[in-house]
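Just so we're on the same page: letters track the sequence lines, and every chain starts at 1.
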Protein chains: 2
Amino acid sequence: MSFQSHNHRQCIKRGVQHATDQCEKAGLQLTPIRQRVLELLLTEHRALGAYDILEKLSEDGWKSQPPVAYRALDFLVQHGFAHKVERLNAFIACTTPETNHNPAFLICRICEAVAEIHPQLSRGALGRTAKDAGFVIEQAVVEAEGVCPNCR
Amino acid sequence: MSFQSHNHRQCIKRGVQHATDQCEKAGLQLTPIRQRVLELLLTEHRALGAYDILEKLSEDGWKSQPPVAYRALDFLVQHGFAHKVERLNAFIACTTPETNHNPAFLICRICEAVAEIHPQLSRGALGRTAKDAGFVIEQAVVEAEGVCPNCR
DNA sequence: ATTGGAATGTTATAATATATCACTATGAAC
DNA sequence: GTTCATAGTGATATATTATAACATTCCAAT
């Protein structure tokens, strides 16, 4: 859980390693830009906007235009290495890439930290209501905003 | 449930009536623009972007600029007469204004219909996970995308 | 060597959202 | 009745987020 103090260097390392392995296995290209964007996302448990990413890329010497950031982010999201937080129009590295994915997010409105969690929603009230309505859920955005334990 | 066939005229009437009453009671001003925007939202069980609203307003003869739409929408959202669908960056009229509010949405990716539902999330897996983490949820965005019964 | 695909570079622009200041009307306080 | 404060609206400008479209590069397969 990203709210708790933890060895953060490990998060970054694990994230990159997992993406590297996954891409290797699936024949995907974790190109320098894609890897760099993933690293940038992994450096904080906070959601970054595409333009934040762009700015950081340009600090690295990449003088990139918006599509570059969006393409890299799309790639990462598409393959589960990152997620989009709709509430913030921003992106965050996946912190549980091993887990089967129906991520939900806890967003602290004070420190902006974001934690990825995995409640079993489909079995709960939402899934039941949808089923009763004859609605087939393909994807669910679940984002709770509030105050994290550290900011209380 | 907005997916089912129903007397839709009733939806509009009820929505406007409820807002009128509520505003009366609470000393809020349901001004012509605010009421018109609410009506526009109520005419479809679909989310409309602020600029869709603007366009429709201008068809009515209001030659309005973006802030006009956003202000009206903010008012409606703030007082629970409408909701923002984050996934779509768009707005939808509240269809259950009487109910206590923790709305969730079912969004059909085919016909774009949106249904507002009220699962008891806080009691479910999400609430439990948050509580265990020491996170206090103030507001939750829950938006499921999939296929509605009519489009299957 | 040529072709075809995937990634990136580049320019332009679309779509969504807000800051700011000016103006108007209304009603409360004096 | 005038003054004042407030809420709403009008209007201009600009910020923020996102994508379309086309050119270029690189590499692998034929």
Side-chain angles (χ1 to χ4, degrees), chain A residues 19-20 22-24 26-38 40-41 46-58 60-79 81-92 107 112 114 141 143, chain B residues 19-20 22-38 40-41 46-58 60-79 81-92 107 112 141 143:
Chain A
T20 307
Q22 253 351 70
C23 288
E24 175 79 18
L28 304 170
Q29 299 183 52
L30 189 64
T31 61
I33 287 195
R34 291 171 176 174
Q35 173 163 343
R36 186 68 189 123
V37 171
L38 177 57
L40 290 171
L41 291 177
R46 227 168 41 89
L48 298 179
Y51 285 76
D52 296 332
I53 295 288
L54 264 180
E55 198 175 321
K56 299 198 182 220
L57 282 179
S58 92
D60 289 358
W62 265 299
K63 293 289 160 38
S64 300
Q65 298 301 309
V68 171
Y70 281 102
R71 284 172 190 151
L73 289 165
D74 282 352
F75 172 87
L76 296 173
V77 168
Q78 186 134 16
H79 298 98
F81 307 134
H83 302 293
K84 180 168 187 185
V85 182
E86 297 290 345
R87 181 61 205 264
L88 305 175
N89 293 322
F91 301 82
I92 189 158
I107 306 166
E112 300 187 296
V114 176
V141 171
E143 300 170 356
Chain B
T20 307
Q22 254 349 71
C23 288
E24 176 79 18
K25 247 195 268 182
L28 304 170
Q29 299 185 54
L30 190 63
T31 62
I33 288 195
R34 290 170 177 175
Q35 173 164 345
R36 186 68 189 121
V37 171
L38 177 57
L40 290 171
L41 291 177
R46 225 166 43 87
L48 298 180
Y51 285 76
D52 296 332
I53 295 287
L54 265 181
E55 200 175 320
K56 299 196 183 223
L57 282 178
S58 92
D60 289 358
W62 264 299
K63 293 287 161 39
S64 301
Q65 298 300 310
V68 171
Y70 282 102
R71 283 172 192 152
L73 289 166
D74 284 351
F75 172 87
L76 296 173
V77 168
Q78 186 134 16
H79 298 97
F81 306 134
H83 302 293
K84 179 167 188 186
V85 181
E86 297 290 345
R87 182 59 205 262
L88 305 175
N89 293 322
F91 301 83
I92 189 157
I107 307 166
E112 300 187 297
V141 171
E143 300 171 354

Would you check if A:I33 and A:W62 make a side-chain contact, meaning some heavy-atom pair closer than 4.5 Å? yes
A:E86: which residues meet the salt bridge (Lys or Arg N to Asp or Glu O under 4.0 Å) condition with it, sequence neighbours left out? B:R87
Nearest-0.5 Å distance, NZ of residue B:K63 to CG of residue B:L57: 11.5 Å
So how far is it from A:I53 CD1 to A:F91 CZ, rounded to the nearest 0.5 Å? 9.0 Å
Of all residues at least two apart in sequence or in a different chain, which pass the ring-ring contact (aromatic ring centres under 6.0 Å, His included) check with B:F75? B:H79
What are the atom names and distances for every N/O pair under 3.5 Å that joins the protein to nucleotides 28-30 of chain D?
none

Given atom CZ of A:R87 and atom C1' of C:dT16, what is their separation to the nearest angstrom? 15 Å
Whole-Å distance between C:dT16 P and B:E55 CD? 11 Å
Whole angstroms only, please: what is the OH-P distance between A:Y70 and C:dT16? 13 Å
note: A:L88, atom CG; C:dA17, atom P; distance rounded to Å ~ 13 Å
So salt bridge (charged side-chain N to carboxylate O under 4.0 Å, His left out) across residues 24-36 of chain B, not counting sequence neighbours, yields B:R36-B:E39, B:R36-B:D60
Return the NZ to CG distance between B:K56 and B:L54, rounded to the nearest 0.5 Å. 12.5 Å
Quick tally for nucleotides 5-13 of chain C: nucleotides whose base has a protein heavy atom under 4.0 Å get B, sugar-phosphate-only ones S, the rest -, giving -SSBBBB--
Please report, rounded to the nearest Å, how far the P atom of D:dA20 is from the CG atom of A:D74. 10 Å
Please round to the nearest 0.5 Å and tell me the distance separating atom CG of A:L40 and atom CG of A:D52. 10.0 Å
Apply side-chain contact (heavy atoms from CB on, under 4.5 Å) to A:D74 and list each qualifying residue two or more places apart in sequence or on a separate chain. none
Whole Å only: how far is the CD1 atom of B:I53 from the C1' atom of C:dA17? 15 Å
B:L73 CG to D:dT9 C1', in whole Å, measures 15 Å
Round to a whole Å and report the spacing from CG of B:L30 to C1' of D:dA7. 15 Å
Taking only the side-chain nitrogens and oxygens of B:N89, find out if one of them lies under 4.0 Å from OP1 or OP2 of C:dA17. yes
